[in-house]
A.B. asks: 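Encoded as structure tokens, here's the structure I'll be asking about.
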Amino acid sequence: MQGFLHCALTSLLLVVVWTHSQGGDHKAHQQHLHHEMDKPHPVHGKGEEACHKLAPPNADFAFALYKKMATKSESRNVFFSPLGISTALSLLGVGSKGDTHQQLYHALGYSQFTTAQVNEAYEHLQHMLGHSHGELKLDKGSAIVLQDGFKPLQKFLDDGKHYYQAQGFTVDFKKPEVAVQAINKFIAEKTDNKIPDLLSSVESDTLMVLLNYIHFRGKWEKPFDAKNTGKADFKVDENTTVSVDMMKRMGRYSYYYDRENHTSVLMLPYKGNASMMILLPCEGKMKDLEAILSKEYIRHWHDSLFKTVVDLEMPKFSVSGSYSLKEFLKEMGVVAAFSDTADLSGISEDVGLKVSKVSHKAVLSVDEKGTEAAAATVVEMIPMSLPDTVSLNRPFLLLILEESTKSILFMGKIINPTAQ
């Protein structure tokens, strides 16, 4: 059977009125933004290079945010999409000015870039992610959800559409239950119903919601055989062991053991331009590994990999992460956007706005099965020597990397594979 990995992600920002100066003269916003996914974006200059300029700061942001999440969730699984969050915040950056903009860009690592450079980089990133995957399925995009009657600046809408593939639609936030239902329906459809209930409530004075979503499905390049899956123990911590369905496969993989940091590094490739990087620390070394996580170490590990025969054991699991990012972002210096001094005049010059909430949810399922039979059987010639054994029978980290854009699509820590 094919091996499939299913991931879905949505990032959510709610931007609400903080003054009462909106008046009643705004006409209903009728323009809906559409992006035709089968048509390529225009290429301006060195698009691929512009896209790659975002990779280092995006990686720094990913690891900084992960460390804050892990600190608050020491005994729980962690899973999120750094790229999804960065994209949503960058879309917000299109409409921010002054200190609000500077703080946002500083947290994202974009201080050395202009808004135009960031926008163009995201345009090319969206283009490359959408047109270079072969057998990978990667649905992603953004949406600007508007209060019926509120009309942002046309430039904000146009830039959101052009650079971030932002669709637009209106709801009546004055009827919160109806608005929540409409937004959840939109996200559910975009994520194959992996995330059917992102929002539970919304404030009645909300004027705008910015959404970003990623839905990823990839076939293992080297599938697992379901006949080899069996029950095994997974050691959550010193006092807790759970029973899991452990997949097993022996084959050639890119592998490296970092003796200095007591960590096994393994790459599990998908058919296409993505791979899952597994970081498996020795028992008791997880915090040490988390302390050194950085783009420099990821590059070092990636450059140190070599092909070898690996006897791999990996649990089947499903994990989700739901986060309110407001406090994390404030700790990272994004303060003004949430305050009454927020300058979002690039969205509206007539109405004072501030960010009310930044919510994020991601879902991951890993198994050896696919939605259809494998098109071909993978046969590997294995030398008669002792293989390296990698058994994911204790907590480990994972990163899902997209190679053409050098992006971290998803990142997480699996502490307990049986916890949802």
A.B. asks: Could you report the tightest heavy-atom contact between Val171 and Ala182, atom names first, then the distance?
C.D. replies: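 In terms of heavy atoms, the two residues are closest at CG1-CB, 3.9 Å.
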A.B. asks: Using 4.0 Å as the upper bound for N to carboxylate O, is an ion pair formed by Asp303 and Arg299?
C.D. replies: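 No, this pair does not count.
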A.B. asks: Could you tell me which non-hydrogen atom of Val180 sits nearest to which non-hydrogen atom of Leu199, and how far apart they are?
C.D. replies: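 In terms of heavy atoms, the two residues are closest at CG1-O, 3.4 Å.
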A.B. asks: Would you mind reporting whether Leu129 and Leu125 have side-chain heavy atoms less than 4.5 Å apart?
C.D. replies: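 Leu125 vs Leu129: side chains touch.
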A.B. asks: Is the closest side-chain heavy-atom distance between Asn58 and Ser407 below 4.5 Å?
C.D. replies: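 No - every pair of side-chain heavy atoms lies 4.5 Å or more apart.
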A.B. asks: Could you check Tyr164 against Tyr122 for ring-ring contact (aromatic ring centres under 6.0 Å, His included), going step by step and ending with a plain yes or no?
C.D. replies: CA-CA 7 Å; Tyr164 297 89; Tyr122 270 99; 5.4 Å; yes
A.B. asks: Do Gln126 and Tyr163 have side-chain atoms, one donor and one acceptor, less than 3.5 Å apart?
C.D. replies: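 Gln126 vs Tyr163: no donor-acceptor pair found between side chains.
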A.B. asks: Any donor and acceptor pair, going by atom type alone, linking the side chain of Ser294 with main-chain N or O of Tyr297 inside 3.5 Å?
C.D. replies: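 Confirmed, Ser294 side chain pairs with Tyr297 backbone.
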A.B. asks: Should the heavy atoms of other residues, nucleotides or ligands under 6.0 Å from NE2 of His106 be counted, would the total exceed 12?
C.D. replies: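 No, NE2 of His106 has 12 or fewer neighbouring heavy atoms, counting only those of other groups under 6.0 Å.
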A.B. asks: Can we say Glu283 and Lys235 salt-bridge, meaning some charged N sits less than 4.0 Å from an Asp/Glu carboxylate O?
C.D. replies: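 Salt bridge: yes.
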A.B. asks: Donor-acceptor pair, distance only, cut-off 3.5 Å: does the side chain of Glu402 make one with the backbone of Thr405?
C.D. replies: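 Judged by distance alone, yes, a pair lies under 3.5 Å.
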A.B. asks: Applying the side chain to side chain contact (heavy atoms under 4.5 Å, CB included) criterion to Met267, which one of Lys307, Met276, Met277 satisfies it?
C.D. replies: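 Filter result, single survivor: Met277.
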A.B. asks: Checking His52 side chain against Ser404 main chain: does a donor-acceptor pair fall under 3.5 Å?
C.D. replies: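 Indeed, once roles are kept as given, a pair shorter than 3.5 Å links the two residues.
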A.B. asks: Who are the ring pair (Phe, Tyr, Trp, His ring centres under 6.0 Å) partners of His262, not counting sequence neighbours?
C.D. replies: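 Ring pair (Phe, Tyr, Trp, His ring centres under 6.0 Å) check on His262 returns nothing, list empty.
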A.B. asks: Which heavy-atom pair separates Asn77 from Ala419 by the least distance, and what is that distance?
C.D. replies: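 Closest heavy-atom pair between Asn77 and Ala419: ND2-O, 3.4 Å.
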A.B. asks: With a 4.0 Å cut-off on N to O distance, would you call Asp60 and Lys295 a salt bridge?
C.D. replies: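 Yes, charged N to carboxylate O under 4.0 Å.
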A.B. asks: Using atom types as modelled and distance alone, determine if a side-chain donor or acceptor of Lys67 lies under 3.5 Å from a backbone N or O of Leu293.
C.D. replies: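 Here the side-chain-to-backbone pair exists.
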A.B. asks: Whether the side chain of Tyr323 engages the backbone of Phe79 through a donor-acceptor N/O pair (distance < 3.5 Å, no angle test) should be reported.
C.D. replies: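 It does hold such a pair.
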A.B. asks: Please check if the side chain of Asn212 supplies one atom and the backbone of Gly141 the other of a donor-acceptor pair under 3.5 Å.
C.D. replies: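 Here the side-chain-to-backbone pair exists.
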A.B. asks: Verify whether one side chain among Ser348 and Asp350 offers a donor that lies under 3.5 Å from an acceptor in the other.
C.D. replies: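 No donor-acceptor contact under 3.5 Å links the two side chains.
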A.B. asks: Look at the side chain of His360 and the backbone N and O of Ser81, then say whether any donor-acceptor pair between them is shorter than 3.5 Å.
C.D. replies: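 Yes: the side chain of His360 pairs with the backbone of Ser81.
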A.B. asks: So do the side chains of Leu83 and Ile408 get within less than 4.5 Å of each other, counting heavy atoms only?
C.D. replies: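 Of all side-chain heavy-atom pairs linking Ile408 with Leu83, none is under 4.5 Å.
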A.B. asks: Take Ile195 and Tyr213 through the side-chain contact (heavy atoms from CB on, under 4.5 Å) test and state the conclusion after the steps.
C.D. replies: CA-CA 10 Å; Ile195 299 181; Tyr213 58 87; over 6 Å; no
A.B. asks: Using a 4.5 Å cut-off on heavy atoms from C-beta on, say whether the side chain of Thr115 contacts that of Asp159.
C.D. replies: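 With C-beta onward as the side chain, the pair stays apart.
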A.B. asks: Please answer whether the main-chain N or O of Val335 pairs with a side-chain N or O of Gln103 as donor and acceptor at a distance below 3.5 Å.
C.D. replies: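 Yes, the answer is positive, given that a donor and an acceptor are paired below the 3.5 Å cut-off.
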A.B. asks: For Gln102, enumerate each residue passing the side chain to side chain donor-acceptor pair (under 3.5 Å) test, keeping only those at least two apart in sequence or located in another chain.
C.D. replies: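 Testing Gln102 for side chain to side chain donor-acceptor pair (under 3.5 Å), a comparison that skips the adjacent residues, returns none.
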A.B. asks: Please state whether the rings of Phe169 and Phe186 are parallel, tilted or perpendicular, taking 30° and 60° as the class boundaries.
C.D. replies: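 Answer is tilted, since the angle falls between 30° and 60°.
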A.B. asks: Is any side-chain heavy atom of Asp388 closer than 4.5 Å to a side-chain heavy atom of Tyr257?
C.D. replies: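 No. Closest side-chain heavy atoms not under 4.5 Å.
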A.B. asks: Could you walk me through whether Asp192 and Asp139 pass the side-chain contact (heavy atoms from CB on, under 4.5 Å) check?
C.D. replies: CA-CA 10 Å; Asp192 256 358; Asp139 298 324; over 6 Å; no
A.B. asks: Can you check whether Leu312 reaches Leu268 side chain to side chain, under 4.5 Å on heavy atoms?
C.D. replies: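 Yes - at least one pair of side-chain heavy atoms lies under 4.5 Å apart.
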A.B. asks: For atom NZ of Lys68, decide whether the heavy atoms of other residues, nucleotides or ligands shown that lie under 6.0 angstrom number more than 12.
C.D. replies: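 Yes - once you tally the heavy atoms of other residues, nucleotides and ligands closer than 6.0 Å, there are more than 12.
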A.B. asks: Taking all non-hydrogen atoms of both residues into account, name the closest pair between Asn184 and Pro196 and its distance.
C.D. replies: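 Looking at all heavy atoms of both residues, the closest pair is CB-O, 3.5 Å.
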A.B. asks: Within a strict 4.5 Å, meaning less than it, do heavy atoms of the Ser142 and Thr87 side chains meet?
C.D. replies: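 Yes, their side chains come closer than 4.5 Å.
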A.B. asks: side-chain contact (heavy atoms from CB on, under 4.5 Å) for Asp172 and Val178? Distances and angles first, verdict last.
C.D. replies: CA-CA 7 Å; Asp172 187 357; Val178 176; over 6 Å; no
A.B. asks: Kindly say whether Pro281 contributes a backbone atom to a donor-acceptor pair with the side chain of Arg394 at under 3.5 angstrom?
C.D. replies: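 Confirmed, Arg394 side chain pairs with Pro281 backbone.
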A.B. asks: Hey, is the main chain of Phe173 close enough, under 3.5 Å, to the side chain of Gln147 for a donor-acceptor pair?
C.D. replies: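 A pair under 3.5 Å: yes.
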A.B. asks: Find the distance between OG (Ser264) and CH2 (Trp301) and round it off to the nearest 0.5 Å.
C.D. replies: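 Going from the OG atom of Ser264 to the CH2 atom of Trp301 covers 11.0 Å.
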A.B. asks: Report the distance from atom CD of Gln165 to atom NE2 of His127, rounding to the nearest 0.5 Å.
C.D. replies: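 Here the interatomic distance stands at 10.5 Å.
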A.B. asks: Ring-plane angle category for Tyr105 and His101, please: parallel below 30°, perpendicular beyond 60°, tilted otherwise.
C.D. replies: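 Tilted, since the angle between the ring planes falls between 30° and 60°.
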A.B. asks: Where does the angle between the aromatic ring planes of Phe396 and Phe317 fall among parallel (under 30°), tilted (30 to 60°) and perpendicular (over 60°)?
C.D. replies: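 If you compare the ring of Phe396 with that of Phe317, the planes turn out perpendicular.
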A.B. asks: Of all heavy-atom pairs between Pro395 and Ile415, which one has the smallest distance, and what is that distance?
C.D. replies: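 Minimum heavy-atom separation between Pro395 and Ile415: CG-O, 3.9 Å.
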A.B. asks: Just how far is it from atom OG of Ser275 to atom CG of Leu398, taken to the nearest 0.5 Å?
C.D. replies: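 Separation between the atoms: 12.5 Å.
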A.B. asks: Hey, could you give me the NZ/CD distance between Lys175 and Gln181, rounded to the nearest 0.5 Å?
C.D. replies: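 Here the rounded value is 12.5 Å.
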A.B. asks: Around Gln112, counting heavy atoms of other residues, nucleotides and ligands shown, do more than 12 lie under 6.0 Å from its CD?
C.D. replies: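 Result for CD/Gln112: enclosed.
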A.B. asks: Any heavy-atom pair between the side chains of Phe410 and Phe80 that's under 4.5 Å?
C.D. replies: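 In short, these two side chains do not touch, never coming nearer than 4.5 Å.
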A.B. asks: Run Lys354 and Asp340 through salt bridge (charged side-chain N to carboxylate O under 4.0 Å, His left out) and show every step you take.
C.D. replies: CA-CA 7 Å; Lys354 70 176 179 180; Asp340 287 354; 3.2 Å; yes
